[in-house]
Amino acid sequence: MTGAIMYISGGRWDGIPGTDRLLAEALAEASPVLWVDQPVSIARHADVRRSILASIRGRTELVKPGVRRLRLPALPGFSRPFSVAWVDSVMGAV
């Protein structure tokens with residue numbers, strides 16, 4: 001295999017290692033893997049707050065040989081229906 005593989009996971013690298021992580025680790029034996037964490041609230045996870053600037057700038061971190069991780073910080077409530085409606089109303093007013 002040539003080139004890198006982007007693995008958009010359903011969980012965080014720090015979570016319980018499941019199928020996503022095991023598959024990414026196996027793929028890393030053949031090609032470099034970019035693991036993309038699911039978006040998480042900056043209010044909920046201190047590790048996400050600590051790496052927010054690096055994440056916004058697109059910097060990755062090496063989590064295992066052959067696997068680099070990109071964190072996706074999000075504002076609190078980003079996935080709740082009321083916040084989506086609020087953002088739509090604000091953006092519509094601009």
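Here the structure is a predicted model, which is why all the values come from computation and not from measurement.
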task = Taking all heavy atoms of Pro65 and all of Ala28, pick out the closest pair and write down the distance.
result = O-CB, 4.1 Å
Interatomic distance, Leu34 atom CG to Ile8 atom CD1 [nearest 0.5 angstrom] = 8.5 Å
request  = Sort and list the pairs that fulfil ring-ring contact (aromatic ring centres under 6.0 Å, His included) and have at least one residue in residues 46-72, not counting sequence neighbours.
outcome  = none
ask   = Which heavy atom of Leu72 sits nearest a heavy atom of Val36, and at what distance?
value = CD1-CG1, 3.6 Å
ask   = Is Trp13 linked to Leu23 within one hydrophobic cluster, defined over Ile, Leu, Val, Met, Phe, Trp and Tyr using a side-chain heavy-atom separation of less than 4.5 Å?
value = yes
ask   = Take atom CG in Leu22; do more than 12 heavy atoms of anything else shown fall under 6.0 Å from it?
value = yes
query = Listed by chain and number, what are the side-chain hydrogen bond (donor to acceptor under 3.5 Å, both in side chains) partners of Asp37, not counting sequence neighbours?
reply = Trp35, Arg69
key: Co-membership, hydrophobic cluster, residues Met6 and Leu70, 4.5 Å side-chain   = yes
inquiry  = Holding to side-chain hydrogen bond (donor to acceptor under 3.5 Å, both in side chains), I want the full list of residues that pass it with Glu61, two or more places apart in sequence or in another chain.
reply    = Arg71
request  = Taking all non-hydrogen atoms of both residues into account, name the closest pair between Ser31 and Ile5 and its distance.
outcome  = CB-CD1, 3.9 Å
inquiry  = Tell me which pairs pass ring-ring contact (aromatic ring centres under 6.0 Å, His included) where either residue lies in residues 47-75, with sequence neighbours left out.
reply    = none
